[in-house]
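Convention: sequence-line order gives letters A, B, ...; per-chain numbering from 1.
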There are 2 protein chains.
Amino acid sequence: MSSAAQSAVETIQREMTVFARRARASAGRMHPELSLVSYTLLGHLEESGGCRATDLAAHYALDKSTVSRQVAALERAGLIERRPDPADHRVQVLDLTAAGREILAQVTRSRRAAFRDRLADWPEADLVRFASYLERYNAGPDGTDTD
Amino acid sequence: MSSAAQSAVETIQREMTVFARRARASAGRMHPELSLVSYTLLGHLEESGGCRATDLAAHYALDKSTVSRQVAALERAGLIERRPDPADHRVQVLDLTAAGREILAQVTRSRRAAFRDRLADWPEADLVRFASYLERYNAGPDGTDTD
DNA sequence: GACCTGAGTTGTACTGTGCAACCACACCGC
DNA sequence: GCGGTGTGGTTGCACAGTACAACTCAGGTC
């Protein structure tokens with residue numbers, strides 16, 4: 001690997017971390033009613049059209065107990081509901097309630113606006129490329145959760 | 001903003017979050033002796049050649065009390081040292097000790113290797129562009145911590 | 001000197017998290 | 001069928017990271 005590539009790798013590593021740290025802080029300020037974790041989980045449920053707690057844990061590299069508690073809280077808040085899977089009684093399929101969909105949409109709108117502001121002066125081609133790099137990175141060569 | 005750009009923005013948002021969640025988990029597995037926070041702070045000290053606790057807090061959008069405790073722990077562990085600033089007695093300049101430099105280098109090596117593996121099949125041009133997008137994003141149009 | 005500002009610490013409380021132990025059901029080999 | 005093994009999920013527990021507020025100490029301003 002060339003030294004230019006090596007230094008790019010270091011930058012990617014470092015900047016990803018800066019991003020992550022700031023994300024948490026600003027999510028708290030931007031939408032205190034829905035933590036970043038909750039927002040992420042709700043978003044995943046919407047995107048996937050309902051899934052199991054185990055799937056969430058695997059996708060976000062979280063312990064199943066953590067997801068279990070988050071899910072319990074979201075259910076108490078009336079944002080998601082659990083349907084027992086008729087095909088497998090061990091499984092609970094999670095899905096958004098109407099209220100969950102509503103609050104998710106609202107938070108998504110505000111986050112989207114903030115991102116749009118921040119990215120306003122980026123050429124569209126760069127945005128598209130940036131997005132595709134991130135997807136490619138997270139998809140990984142083989143799904144490994146390297147970092 | 002076009003719809004292609006809009007959807008790119010959503011993807012950026014979503015994938016950044018996935019990255020962040022996984023980063024934390026894999027840092028714990030990869031180098032349990034140095035938490036992701038500690039690693040990040042040490043890295044910043046090395047990069048900046050020593051700075052104040054307040055600077056760290058500002059850069060990572062952390063509360064000063066949080067940084068204060070982290071710094072205290074790192075000092076107890078012998079990884080950093082505080083030098084009172086002779087020019088301003090309120091200020092403590094933080095800097096790495098030899099031990100701190102050593103462990104930082106070691107963890108950096110292992111992280112770098114993991115990233116290199118993950119990014120091994122990326123063309124260099126893409127790596128460089130990806131890195132520059134991240135830097136540009138974090139620098140922000142005006143330094144705002146949008147997310 | 002009185003006052004305001006900025007750096008840092010400490011008390012307190014809470015959230016997110018992982019690990020380990022556990023329960024309940026499903027699947028598999030016999 | 002039936003016992004062993006595996007998988008989805010919950011609960012008990014401990015701990016790290018974090019924020020907020022109240023505080024101390026040092027500087028600068030007038």
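Residue A:Leu62 contributes atom CG, which lies 13 Å from atom C1' of C:dT15 at whole-angstrom precision. The interatomic distance linking A:Asp63 (CG) with D:dA16 (P) rounds to 17 Å, in whole Å. Spacing between atom CG of A:Asp55 and atom C1' of D:dG9 amounts to 13 Å, rounded to whole angstrom units. Rounding to whole angstrom units, CG of residue B:Leu94 and C1' of C:dA7 are separated by 11 Å.
Residues forming a salt bridge (charged side-chain N to carboxylate O under 4.0 Å, His left out) with A:Asp55 (at least two apart in sequence, or on another chain): A:Arg52. Residues forming a salt bridge (charged side-chain N to carboxylate O under 4.0 Å, His left out) with B:Glu47 (at least two apart in sequence, or on another chain): A:Arg14. Residues satisfying the side-chain contact (heavy atoms from CB on, under 4.5 Å) test with A:Val128, not counting sequence neighbours, are A:Glu124, B:Ala8. In this view, B:Glu10 and A:Arg112 satisfy the salt bridge (charged side-chain N to carboxylate O under 4.0 Å, His left out) rule, not counting sequence neighbours. With sequence neighbours excluded, the residues that form a salt bridge (charged side-chain N to carboxylate O under 4.0 Å, His left out) with A:Arg82 are A:Glu75.
Counting any heavy atom pair closer than 4.0 Å across all strands shown, B:Thr54 reaches sugar-phosphate atoms only and no base atom.
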Side-chain donor-acceptor pairs under 3.5 Å in residues 61-74 of chain A, sequence neighbours left out?
{"unit_1": "A:Asp63", "atom_1": "OD2", "unit_2": "A:Ser65", "atom_2": "N", "d": "2.9"}
{"unit_1": "A:Asp63", "atom_1": "OD2", "unit_2": "A:Ser65", "atom_2": "OG", "d": "2.6"}

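Within a heavy-atom distance below 4.0 Å of DNA chain C, the residues of residues 66-76 of chain A found are A:Thr66, A:Arg69, A:Gln70. Within residues 78-90 of chain B, the residues approaching DNA chain C are B:Arg82, B:Arg90, by heavy-atom distance under 4.0 Å.
Using a 4.5 Å cut-off between side-chain heavy atoms of Ile, Leu, Val, Met, Phe, Trp and Tyr, B:Val93 falls into a hydrophobic cluster with B:Val91.
The backbone N or O of A:Gly100 sits less than 3.5 Å from a side-chain atom of A:Thr97, completing a donor-acceptor pair.
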